[in-house]
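Source: prediction; values computed, not measured.
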Amino acid sequence: MAPKVYPNQESTTSSQSQSHNQYCLSSKRETYTLWMKSLVLHSNGCTVYDSNGHIVYRVDNYDRKGKREVNLMDQQGNLLCTIKKRLLALGCWEGHKYCSKSNTRSQEQQPWFEVKKCLTLTGKIACEIKAGSKNLCIERISIGKSIAFRIVNKLDGQIIAEGKQKQSSSGVVLSNDVLTLDLAAGTDHSLIMALITVYGLICGKM
């Protein structure tokens, strides 16, 4: 039997409630599985599973890799965030969160974050992030051909998210586009997923 892509841990109450409210902050550390593939045939994107094997986030790029605009959705296909590449800026993306208007079913975009690709001598820092008062960066982790990474708070050095190549419970290493994603407590999961989407665009995976 082929190893499962998603984690084998028992799901927690907080991860179950996550599917109902994508913007909640978890009070404990959470683990997801990130698969850098779309569920749509012949499409690019990524799919995120919780510890019970349920899809919680997805990105489907129906056009081609490197598209200037992609959408982050929840498991039901509801739009959470649109990520746009700025036309007149080199290696810069903007994220716009969708929020329902009061007393209506319509939605409106709100500026959420900005990501700038970094060109450094060491190549460790892939990009810098501004999200409100947050000052973050994504650091590459050199592990073979995997796109392993860390998202770090630049103010205090705290690692708030880390993605590494996944191993099954029996120790089998899965392909380099399947990652175990650990999120620190108090993390906005939807923001992290949106930032990972940008990182996937930078790495040419979407």
Undergrad: Let me know which of Leu72, Leu39, Asn71 forms a side-chain contact (heavy atoms from CB on, under 4.5 Å) with Val59.
TA: Leu72

Undergrad: Supply the members, apart from Ile159, of the Ile/Leu/Val/Met/Phe/Trp/Tyr cluster built from side-chain contacts under 4.5 Å; use none for a lone residue.
TA: Val152

Undergrad: Nearest 0.5 Å, please: how far is NZ in Lys166 from CG in Leu179?
TA: 10.0 Å

Undergrad: If we only count heavy atoms from C-beta on, is the Phe149 to Ile196 side-chain gap below 4.5 Å?
TA: yes

Undergrad: Please name all residues satisfying salt bridge (charged side-chain N to carboxylate O under 4.0 Å, His left out) with Asp177, sequence neighbours left out, ordered by chain then number.
TA: Lys37

Undergrad: What do you reckon, are the aromatic ring centroids of His189 and Tyr32 less than 6.0 Å apart?
TA: yes

Undergrad: For Lys130, what residues pass the salt bridge (charged side-chain N to carboxylate O under 4.0 Å, His left out) criterion, not counting sequence neighbours?
TA: none

Undergrad: Taking C-beta and beyond as the side chain, do Thr187 and Ile151 meet within less than 4.5 Å on heavy atoms?
TA: no

Undergrad: Could you name each residue pair satisfying ring-ring contact (aromatic ring centres under 6.0 Å, His included) that touches residues 150-181, not counting sequence neighbours?
TA: none

Undergrad: Verify side-chain contact (heavy atoms from CB on, under 4.5 Å) between Tyr57 and Ser190, making sure each step is shown before the conclusion.
TA: CA-CA 8 Å; Tyr57 296 96; Ser190 53; 3.9 Å; yes

Undergrad: List for me each residue that meets side chain to side chain donor-acceptor pair (under 3.5 Å) alongside Glu128, sequence neighbours excluded, and say none if there are none.
TA: Lys154

Undergrad: So if I apply the side-chain contact (heavy atoms from CB on, under 4.5 Å) rule between Val70 and each of Thr197, Asp60, Val198, which one comes out positive?
TA: Thr197

Undergrad: Might you point out which heavy atoms bring Ile141 and Gly163 nearest each other, and give the distance in Å?
TA: CD1-O, 4.5 Å

Undergrad: Can you see which heavy atom on Lys164 is nearest to which on Ala148, and at what distance?
TA: CA-CB, 4.2 Å

Undergrad: How far does CG of Asp74 sit from CE of Met193, to the nearest 0.5 angstrom?
TA: 12.5 Å

Undergrad: Cut-off 3.5 Å, side chains only: do Ser38 and Asn44 have a donor facing an acceptor?
TA: no

Undergrad: Rounded to the nearest 0.5 Å, how far apart are CD of Glu162 and OG1 of Thr31?
TA: 11.0 Å

Undergrad: To the nearest 0.5 Å, tell me how far Trp93 CH2 sits from Leu195 CG.
TA: 12.5 Å

Undergrad: Would you say the side chain of Trp112 lies within less than 4.5 Å of the side chain of Thr82, judging by non-hydrogen atoms?
TA: no

Undergrad: Do Arg140 and Tyr199 have side chains that get closer than 4.5 Å, going by heavy atoms?
TA: yes

Undergrad: Restricting to non-hydrogen atoms, name the atom on Leu79 and the atom on Met73 that form the minimum distance, rounded to 0.1 Å.
TA: CA-CG, 4.3 Å

Undergrad: Got a donor-acceptor contact below 3.5 angstrom from the Asn52 side chain to the His54 backbone?
TA: no

Undergrad: To check you understand the geometry: which heavy-atom pair defines the closest contact between Gln158 and Ala184, and what is its length?
TA: NE2-CB, 4.2 Å

Undergrad: Which residues satisfy the side chain to side chain donor-acceptor pair (under 3.5 Å) test with Glu114, sequence neighbours excluded?
TA: Arg86

Undergrad: A quick test of your reading: do over 12 heavy atoms of other residues, nucleotides or ligands sit less than 6.0 Å from NZ of Lys134?
TA: no

Undergrad: What closest approach, in Å, do Gly95 and Cys81 show between heavy atoms, and which atom pair accounts for it?
TA: CA-SG, 4.2 Å

Undergrad: Go through the steps to decide whether Val115 and Ile83 satisfy the test side-chain contact (heavy atoms from CB on, under 4.5 Å), and finish with yes or no.
TA: CA-CA 10 Å; Val115 177; Ile83 298 165; over 6 Å; no

Undergrad: Enter the distance from Ile147:CD1 to Cys203:SG here, rounded to the nearest 0.5 Å.
TA: 5.0 Å

Undergrad: Roughly how far, to the nearest 0.5 Å, is CD of Gln165 from OG1 of Thr180?
TA: 9.5 Å

Undergrad: Between Cys127 and Ile202, is a side-chain contact (heavy atoms from CB on, under 4.5 Å) present by the stated rule, with each step listed?
TA: CA-CA 9 Å; Cys127 53; Ile202 291 174; 4.1 Å; yes

